[in-house]
Number of protein chains: 4
Amino acid sequence: MANVGGVSGAQLRQFIERIERLEEEKKAIADDIKDVYAEAKANGFDPKIMRQVIKVRKMETQERQELEALLDVYLHALEGGDAAAAADDDATA
Amino acid sequence: MANVGGVSGAQLRQFIERIERLEEEKKAIADDIKDVYAEAKANGFDPKIMRQVIKVRKMETQERQELEALLDVYLHALEGGDAAAAADDDATA
Amino acid sequence: MANVGGVSGAQLRQFIERIERLEEEKKAIADDIKDVYAEAKANGFDPKIMRQVIKVRKMETQERQELEALLDVYLHALEGGDAAAAADDDATA
Amino acid sequence: MANVGGVSGAQLRQFIERIERLEEEKKAIADDIKDVYAEAKANGFDPKIMRQVIKVRKMETQERQELEALLDVYLHALEGGDAAAAADDDATA
DNA sequence: ACGCAACGCATCCGCC
DNA sequence: GGCGGATGCGTTGCGT
């Protein structure tokens, strides 16, 4: 009985297996990351500091993206030709 | 100054960038997983049940692995020739 | 000043001391466990094997619990009357 | 076969069960601690800060105990009646 | 906004 | 005494 209540069990199985496959890939990458840290450590770098560096760079990236997003909002408002929109944009920011 | 305190800044940069790249991939896969859950939900499947099913299947796999690990440790103990091997007689009954 | 910003310092003290007391008890039990391992080792048992046996038994218990949780979630889904119940047809095969 | 290689499996079983029992108790206490934090939070206290407070107090306790231990060493050295001992005590500290 | 769960980090213990 | 593995803690992200 692969079909109950009009819904395909086989289809569910496909979803489950796709997810399990993806999670395996995710784990594999996480392991790769651990390997890189280990290799770096073997070359005299401190993993703890490296993590800090990566965290900071990530934050900088996020800030930059947010600024770009904000810029886009402004530009689109101008494109729209509605002068008031630009004025409203970040009154709450 | 690409060399500070005897360590190569360029080498560090390589490690950092490899890790950042891998973390992007990891995030991409995590997003894919979310997408699959969303797609399954759109097809009438309950994500909560799916997560539980995946969790159970994962635990089954882990338990097999732990049993294999236990077997390994028994075998090594036998190699060592000491009394600890007695652990297999009824502890798991 | 036992009252700062509208919160009772005395009350906080009670919470802190309760927690500290509980943590002492927890540590005492952890020490007891170490003692048992030491005693077992003195009787010729391998602690490593013992830990693995305990881990396996624990996982067996957890798996039973997860299966029960899965059953619960199935039953609730059936109550809800929606198609998600189809998850039981072959996903675990 | 409760006896292999002259070692009692029943005895091992006793050790295993004692440990499992103790670990249950430990877990129960850990849960109690969580409950206290939750209760404190419900009364408007920040668990994160509470943890900091407890950590600091613990460190202070440890420092005090170390000082007392050091004092004991000095006192015992004096009791020993060996004048040189007191002078040696912490030359390497 | 809250609570839960997974991840990563720090600490500690046993082994070499 | 250093190293690797295991455990507990704290943080972050996800789902409700």
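Here is how names work: the chains are called A, B, and so on, in the same order as the sequence lines, proteins then strands, and each is numbered from 1.
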Dump every N/O contact between nucleotides 14-16 of chain F and the protein below 3.5 Å, one line per pair.
| from | atom 1 | to | atom 2 | distance (Å) |
| --- | --- | --- | --- | --- |
| F:dG15 | OP1 | B:Arg51 | NH2 | 2.7 |

What salt bridge (charged side-chain N to carboxylate O under 4.0 Å, His left out) pairs are there with at least one residue in residues 57-68 of chain A, not counting sequence neighbours?
-> A:Arg57-B:Glu20

Distance (rounded to the nearest 0.5 Å) between C:Asp72 CG and B:Ile49 CD1 | 11.0 Å

Between F:dC9 (P) and D:Ile29 (CD1): distance, integer Å | 13 Å

Round to the nearest Å and state the distance from C:Glu23 atom CD to F:dC9 atom C1'.
-> 10 Å

What is the distance from CD1 of C:Ile49 to P of F:dA6, rounded to the nearest Å?
-> 15 Å

Atom-pair distance (CD on B:Gln62; C1' on E:dA6), nearest Å | 13 Å

Calculate the interatomic distance between C:Met59 atom CE and F:dA6 atom P; express it in whole Å.
-> 14 Å

Given atom CD of D:Gln52 and atom C1' of F:dC9, what is their separation to the nearest angstrom?
-> 12 Å

Nearest-Å distance for atom pair NZ/P, residues D:Lys26 and F:dA6 = 16 Å

Counterpart residues, salt bridge (charged side-chain N to carboxylate O under 4.0 Å, His left out), relative to A:Arg18 (two or more places apart) = B:Glu39

Could I get the full list of salt bridge (charged side-chain N to carboxylate O under 4.0 Å, His left out) partners for C:Arg13, not counting sequence neighbours?
-> C:Glu17

Shortest non-hydrogen separation from A:Ile29 to B:Leu22 and the atoms involved = CG2-O, 3.4 Å

Quick one: pull up CG in C:Leu75 and CG in C:Leu70 and give me the separation to the nearest 0.5 Å.
-> 9.5 Å

How many angstroms lie between atom CG of B:Leu67 and atom NZ of C:Lys55, to the nearest 0.5 angstrom?
-> 11.5 Å

Separation between OG1 of A:Thr61 and CD1 of A:Ile54, rounded to the nearest 0.5 Å = 11.5 Å

Show me the protein contacts with nucleotides 1-3 of chain F, counting only N or O atoms at under 3.5 Å.
none

With C:Lys27 via side chain to side chain donor-acceptor pair (under 3.5 Å) - residues at least two apart | C:Asp31

For B:Lys27 and F:dT12, what is the distance between atoms NZ and P respectively, to the nearest whole Å?
-> 16 Å

